[in-house]
Amino acid sequence: MSDYPPERPDDDFGDEEPQQPDLSELLRSILGGDSDNDQLAGALEQMGVQGLNPQMMEALQSQLQAMMSGPVDGPVNLELATDVARKTVSAAGDSSVSSSTARDVEQVVQVANLWLDEVTEFAAVGPAKALSRAEWVEQTMPMWRQLVEPVAGGVNGAIERAMGEQLRRLDPHQADEMGLPPGIDPSAMMGQMQPMMARMSAGMFGAQIGQAVGALAGELVSGTEVGLPLTDGVVMLPANVRDFAEGLEVDGGEVHLYLAVREAARARLFASVAWLGPALIAAVQSYAGDISIDTDGIERAVADADTSDPAAMQEALQGSLFNDEPSEAQQRALAHLETLLALVEGWVDVVANQAAGKHLPHTDQLSEAVRRRRASGGPAERLFASLVGLELRPRRLRDAAQVFTQLEEALGAAERDEAWKHPDFAPTTADLDDPSGYVRRRQSPEESASQPDEVDAALEALLAQGTAELDAERDEPGEGGEGSEGSEGSDNNGDGDDKA
C-alpha cells in the first residue's frame with residue numbers, strides 16, 4: 001500500500017485556490033490502517049509504541065479524528081488542571097491527613113468557635129475539616145474554573161488566532177516537512193483543525209492553572225485564606241499550618257488556634273452574608289472578563305516556540321498573556337474587588353483578634369505576621385497573578401480594619417456586623433479613606449438620607465444643565481416672542497395647575 005493517496009489532476013493548484021483537504025482521508029493516508037505502513041511504524045517505534053495490529057491502528061485513528069472534530073468542553077480543561085495540580089503538590093510533598101490530626105483540627109475549631117461566640121452574633125459553621133493539599137485541590141478546582149473561565153476564553157482565543165496565523169503563513173511546499181501528503185496546503189486545514197486547536201489551547205491553559213493552584217495548595221493554611229469562598233465550612237491544611245509556624249518563635253498549638261479562629265470567622269461571614277460570596281465571584285469575573293490580552297506578545301511566543309511541544313508552548317506563553325496597561329473598566333473592577341477583599345479581611349482581623357486576644361498571649365505578633373504575609377503575597381500567589389492577571393490580596397486591610405474598629409467603638413459589635421446586611425450598607429472605597437465619615441453616617445442615618453450623595457448630586461447637575469440648555473434654545477433669535485411666552489407659561493405652571 002502506498003503511503004500517500006493517488007495524485008489527482010487538481011493537486012497542482014497553480015493560481016487557483018487550494019482545495020480544502022478531506023481530513024479523514026488525510027488521516028487514513030498518514031495512519032494507513034494496516035501494519036505494513038513502515039513509515040508510520042518507524043515513527044511510532046521511536047515514541048516507544050511497537051507491535052500495533054490493525055485494530056489498534058484503527059483505534060488510534062478514531063482517537064485522532066475525535067480530537068480533530070469533537071466538541072470542546074469550555075476554555076479550561078478542568079480534568080487536566082486537576083491532574084497537574086495534584087502532581088504539583090505530590091512533587092512538593094503531600095500526605096493524607098491522619099485520623100488523629102483530623103480530630104485535633106475539629107477540637108481546635110470547636111475552641112475557636114467558642115471564642116468567636118463571645119464577639120459576634122454570626123453563627124458558627126460546621127463541621128470542621130482537615131484536608132491534605134491534594135484534597136484542597138479537588139474541592140476548590142470547580143470554583144477556580146468558574147473564576148478563571150472569562151480570562152481563559154480571551155487567552156485561548158488569542159492563542160488559537162496566533163496558531164492559525166502561523167499555519168496560514170506556511171508555504172504549501174512545506175507539507176513534506178510536516179509529514180503531510182504532497183499537494184496539501186496547510187493553511188487550507190485551518191477549518192478542520194479548529195476543534196483540535198481549541199482543545200490544545202484549553203489544555204495549555206488548564207495545565208497552567210493546575211500549576212498555579214497546585215502551588216497555592218502548598219502555601220495556603222486554610223480553605224478561604226485568599227478571601228474568596230472557595231470551600232464550604234471551616235477547612236484547615238495542617239501541613240501548611242506547621243510550615244507557617246516555623247520561624248515565628250510561637251508555640252505551634254497557639255499558631256494553629258489563631259489561624260483556626262481567622263478561618264472560622266471568615267466561614268461565619270460568608271455563611272451569614274448571602275450577597276458577599278456572589279459579589280466577590282462577580283467582581284473577579286468582571287475583572288477577568290475585561291482583561292486585555294497581549295495578542296502581539298502571544299503571536300511572538302507562538303512563532304518562536306515549537307507548536308508540537310505543549311511544554312515548550314506553556315513556557316513561551318508565560319509572561320506573554322496580558323497587556324501592561326489595564327483599561328479603565330478593568331481598573332474600576334480591580335478597585336471594587338480590592339475593596340471587597342479588604343473589607344472581608346479587615347472584619348476578620350478585628351473579630352479574630354478580639355476573640356483570640358483574651359486567650360492567646362501572642363495574638364498581636366501573629367496578627368502582624370498574617371498581615372505581612374497577605375500584603376507581600378507568596379511565590380504561589382505571584383505565579384497565579386502572572387497566569388490570570390489577578391493579585392488576590394487585600395491592599396487596604398488596615399484601612400478596612402480601622403473602619404470596623406471605629407464603627408464598633410461608636411455603635412457596638414452588633415452595628416459593626418450590621419454593616420454587612422446589604423451591599424448599600426457596606427463601606428466603600430471612599431469610606432476606607434474616611435472611616436470617621438462612614439461612622440457619622442451610620443450614627444445619623446436620617447441626616448445622611450436627607451443629604452444628596454455623589455450620584456444624586458451628579459444627576460441634579462445634569463438635569464440643571466439640560467434645563468439651562470432647553471431654556472437657551474427657546475430664547476434663540478427668531479423665536480423670541482414665542483420663547484418668552486413659553487418661559488412665562490413655564491413660570492406660571494404651578495398657578496395654572498392650582499386653578500385647574
Would you please indicate if the ring centroids of Trp420 and Phe404 are separated by under 6.0 Å?
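Between Phe404 and Trp420, which both carry aromatic rings, the centre distance is below 6.0 Å.
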Centres of the Trp115 and His359 rings: under 6.0 Å?
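Ring-ring flag for Trp115/His359: true, centres closer than 6.0 Å.
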With a 4.0 Å cut-off, would you call [X] and [Y] a salt bridge?
X      : Y      : result
Asp431 : Arg441 : yes
Arg145 : Glu149 : yes
Arg266 : Glu345 : yes

Side-chain donor-acceptor contacts of residues 75-82 below 3.5 Å, not counting sequence neighbours, with atom names and distances?
residue, atom, partner, partner atom, Å
Asn77, OD1, Glu79, N, 3.3
Asn77, OD1, Leu80, N, 2.9
Thr82, OG1, Leu78, O, 2.9

Report the residue from Gln354, Arg262, Arg374 that forms a side-chain hydrogen bond (donor to acceptor under 3.5 Å, both in side chains) with Asp349.
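Answer after filtering Gln354, Arg262, Arg374: Arg262.
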Kindly write out the residues that satisfy side chain to side chain donor-acceptor pair (under 3.5 Å) with Arg398, not counting sequence neighbours, or none if the list is empty.
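Arg398 satisfies side chain to side chain donor-acceptor pair (under 3.5 Å) with Glu368 only.
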Check the pair Ser132, Ser96 against side chain to side chain donor-acceptor pair (under 3.5 Å), reporting the backbone distance first and the verdict last.
CA-CA 6 Å; Ser132 67; Ser96 59; over 6 Å; no
Roughly how far, to the nearest 0.5 Å, is NE2 of His362 from OH of Tyr258?
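Tyr258 atom OH to His362 atom NE2 measures 13.5 Å (nearest 0.5 Å).
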Using only atom types and a distance under 3.5 Å, with no angle test, would you say the side chain of Asp94 pairs donor to acceptor with the backbone of Arg133?
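Such a contact is found between Asp94 side chain and Arg133 backbone.
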Side-chain donor-acceptor pairs of residues 117-124 under 3.5 Å, sequence neighbours excluded:
residue, atom, partner, partner atom, Å
Asp117, OD1, Arg268, NH1, 3.1
Asp117, OD1, Arg268, NH2, 2.9
Thr120, OG1, Phe122, N, 3.2
Thr120, OG1, Asp417, OD2, 2.8

Can you find a side-chain donor-acceptor pair between Asp433 and Tyr438 that sits under 3.5 Å?
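Judged by distance alone, the side chains do not pair up.
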